[in-house]
Number of protein chains: 2
Amino acid sequence: MKSDLEISETALTERQKDVLDAALALLVEAGDKLTMTSVARRASCSKESLYKWFGDRDGLLTATVQWQASKVRGVPVSRDAFDRDALIIGLERFAADWLRVLSGKISVALNRVAVTHAGTDKHELDRDLGGIVLENGPFAMARRLEPVLLLGREAGLLKFEHADEAFRTFFGLVVRDVQIRLLLGDRYELSETAIERDAKRATEQFLILYKP
Amino acid sequence: MKSDLEISETALTERQKDVLDAALALLVEAGDKLTMTSVARRASCSKESLYKWFGDRDGLLTATVQWQASKVRGVPVSRDAFDRDALIIGLERFAADWLRVLSGKISVALNRVAVTHAGTDKHELDRDLGGIVLENGPFAMARRLEPVLLLGREAGLLKFEHADEAFRTFFGLVVRDVQIRLLLGDRYELSETAIERDAKRATEQFLILYKP
DNA sequence: ACCGTACCGTACCGTACGTTACGGTTGGTT
DNA sequence: AACCAACCGTAACGTACGGTACGGTACGGT
C-alpha cells in the first residue's frame, strides 16, 4: 500500500475500484436485483474475493455507494470579488449541477436502492445506505451552498434568518417534483437547455424571495 | 357476483378490503419484505384466496396501493366568493394537507415500495406501482390545485403563463427536501404546528413570486 | 339429505440467491 | 525449486419465499 496513514479509511486497491465500478454499472442497469454472482461475473472476479473484500452483500452495496460519492466532490467558491453577479453565477451553477446529478441514471439508481434499503430495518448500523446518500446528496449540497448564502448576506444581497431555511427553499425551487417523479419511474428527460433554464428560473425566484 | 357489468373493475368485497387493510398495515410495518404468508396470517385468510383474488404478489401490491389511493380523495373548492382570502385559505389548506399525507407512515411506506418497484423493469404493464403512486400523488395534487390557480388568475390575484409551471413551483415550495429525506430514512418528525407554519410560508412565498 | 361454492389452514414444490468450500493458476519471495 | 499468498472459477449448501395442491369446514340452494 502506498499511504496507509488514514485512520479507518477505504484504501481501495485498483482492482477493488474496478469491481465497484462494475457493481455501479450493474446497479444502474439492473437496480436492486443485482446479485453477487452477477457482480463477480461482470467484474471477472470470484465471489470469494467479493466476500473477503466487502463482507457481505450489504457491505458491497455500501462500498459501491461510497465509491460513487467519493467521485463527486464539489468545487468551492472563491471569496474575493463577490458581487451580485458572482452570487447569481454561483447559485445558477449550483442549481444546474444539482439538476444534472439528480437526473442522471446513476443518481436515480443509487437513490432507488437507498430508499429500498431504508425500508428494511437494520438501520443505525452506520453502514446505512440511506444515511450515506443523504449525507452525500442534500446535506452535502447544503454544506456547499451555505458559504455562498452567507457571503450573499454579508454583501447585503440576501436577507434571511437561518441559512438552513434559505437553503431548503432554494432546494425546493430547484428540484420541485423532478426527483420524486424520476424515482417513481416517470419518463422524464431533462435536456441540457432545460436544466439551464430551470437553474436560472430557480435562482431568479430565490433572489426575489430573499432580497433585502 | 352481483354486477359483472364493468369491464375490468375493482368491485372489492368487504372481506377483500379487510385483507388489503391488513396488507397495508404490514407494508407500513415491514416495508417490501412483506410476504404472501405474512399477509395471509395477518388477515386470517388462506394464501390460496390471495392468489385467487389478486393473481400474484404484484397484483396484491397493486391492489393495496390502489385501495389506499381510493381512500384519499380530495375535497373540491367552491367557486363563489373567491377573493384573495379564499385563495390564501385554499393554498394553505392544500399545502398542509399535502404535507400531512406526505409525512405519514403510510405515504412513506407506499412511496418506498413504489420506488423499489420502479427499479425492477416490468414497467408499462399498466399495473405499475410507480405510475399509480405518481397518478394519485403529485399528479392528483396538480389536478386538484389547477382550478384554484386558474380562479386566482381569473380574479387577477395571480399572474402566470402555464398553470403547470406554477403548480410545480408551489410543489417545490411546499415539499422542499422533506419527502426525499423521509424516503431515505431520515428521522424527521413534522409536528402539526410545523406543518401549518410551513404551509403558510410556502403560500406567502408563492404569492410573492406569482403576484400580478 | 345432498351438492356446489367459497373459504381456511397447511403441507409441499421449485427456484433464486446469499454464502461457503475447494481445486487450480499465477506471480512474487527465499 | 520450493513455497506462499492472492486470486479465479465453480460447485455445493441452506434458506426464504412465491406459488400450488389438497383436505377440511361452513353455508346456501335444491
Side-chain angles (χ1 to χ4, degrees), chain A residues 1-2 4 10-27 29-65 109 112-113 116-117 119-122 125 127 129, chain B residues 1-4 10-27 29-65 112-113 116-117 119-122 125 127 129:
Chain A
M1 262 164 250
K2 302 300 163 63
D4 208 359
T10 46
L12 295 169
T13 69
E14 287 307 312
R15 186 79 185 93
Q16 289 166 347
K17 290 177 185 172
D18 290 345
V19 170
L20 291 182
D21 278 328
L24 208 47
L26 223 41
L27 214 52
E29 291 171 22
D32 204 12
K33 87 169 209 279
L34 156 149
T35 155
M36 298 301 274
T37 305
S38 70
V39 173
R41 198 159 37 217
R42 172 71 70 101
S44 293
C45 76
S46 71
K47 289 211 277 181
E48 192 176 31
S49 300
L50 290 185
Y51 282 100
K52 176 191 279 191
W53 292 334
F54 306 109
D56 56 6
R57 186 173 182 274
D58 271 14
L60 173 61
L61 284 179
T62 308
T64 305
V65 172
R112 284 225 181 98
V113 56
T116 301
H117 240 71
T120 66
D121 314 319
K122 61 182 171 187
L125 305 180
R127 320 157 62 232
L129 288 189
Chain B
M1 263 167 245
K2 302 299 163 64
S3 71
D4 208 359
T10 46
L12 295 169
T13 69
E14 287 307 312
R15 186 77 185 96
Q16 289 166 347
K17 290 178 186 172
D18 291 345
V19 170
L20 292 183
D21 278 328
L24 207 46
L26 222 43
L27 213 52
E29 291 171 23
D32 204 12
K33 87 171 208 280
L34 156 149
T35 162
M36 298 301 275
T37 305
S38 70
V39 173
R41 198 159 38 218
R42 172 71 70 102
S44 293
C45 76
S46 71
K47 287 213 286 179
E48 194 176 29
S49 300
L50 290 184
Y51 283 101
K52 176 191 277 193
W53 293 332
F54 307 109
D56 57 6
R57 186 172 183 275
D58 271 13
L60 174 61
L61 284 179
T62 308
T64 305
V65 172
R112 283 226 181 98
V113 55
T116 301
H117 240 70
T120 65
D121 313 319
K122 60 182 172 187
L125 305 180
R127 320 158 62 234
L129 288 189

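Each chain gets a letter, A, B and so on, in the order the sequences are listed, and its residues count up from 1. These numbers come from a predicted model, not from an experiment.
Summarising the geometry, atom CG belonging to A:L26 is positioned 5.0 Å from atom CG belonging to A:L34; distances are rounded to the nearest 0.5 Å.
For the salt bridge (charged side-chain N to carboxylate O under 4.0 Å, His left out) test, residues two or more places apart in sequence or in another chain that qualify with B:D21 are B:K71.
Regarding B:R57, its CZ atom lies at a distance of 12 Å from the C1' atom of D:dA16, rounded to whole Å. Rounded to an integer number of Å, the gap from B:L50 CG to C:dA6 C1' is 14 Å. Atoms OH (A:Y51) and P (C:dC17) sit 12 Å apart, rounded to a whole Å. If you measure from atom CZ of B:R41 to atom P of C:dT10, you get 10 Å, rounded to the nearest angstrom. Rounded to an integer number of Å, the gap from CG of B:L60 to P of D:dC17 is 15 Å. Between the CG atom of B:L26 and the P atom of D:dC17 there is a distance of 12 Å, given to the nearest Å. Atom CE in B:M36 sits about 17 Å away from atom P in C:dT10, given to the nearest Å.
At least one donor-acceptor pair under 3.5 Å links the side chain of B:T64 to the backbone N or O of B:L60. In terms of modelled atom types and a separation under 3.5 Å, the side chain of A:Q16 and the main chain of A:T13 share a donor-acceptor contact.
Checked for salt-bridge contact, A:R42 and A:D18 miss the test: no charged N lies under 4.0 Å from a carboxylate O.
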Per-nt protein contacts along nucleotides 6-14 of chain D (heavy atom under 4.0 Å; B base, S backbone sugar-phosphate only, - none) come out as -SBB-B---

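Taking 4.5 Å as the limit, every side-chain heavy atom of B:T62 sits out of range of all side-chain heavy atoms of B:F54. Considering only heavy atoms from C-beta on, A:V113 comes within 4.5 Å of A:L129 through its side chain.
Donor-acceptor pairing under 3.5 Å is recorded for the side chains of B:D58 and B:H117. Judged by distance alone, the side chains of B:T35 and B:S38 never bring a donor and an acceptor atom under 3.5 Å apart.
Contact annotation: A:T37 does not reach the phosphate of C:dG18 (side-chain N/O to OP1 or OP2, under 4.0 Å). In terms of phosphate contacts, B:T35 brings a side-chain nitrogen or oxygen within less than 4.0 Å of OP1 or OP2 of D:dG18.
When the C1' atoms of four end pairs are superposed on the next four at each end of the helix from C:dA1-D:dT30 to C:dT30-D:dA1, using five pairs per end, the two resulting axes differ in direction by 10°, to 10°.
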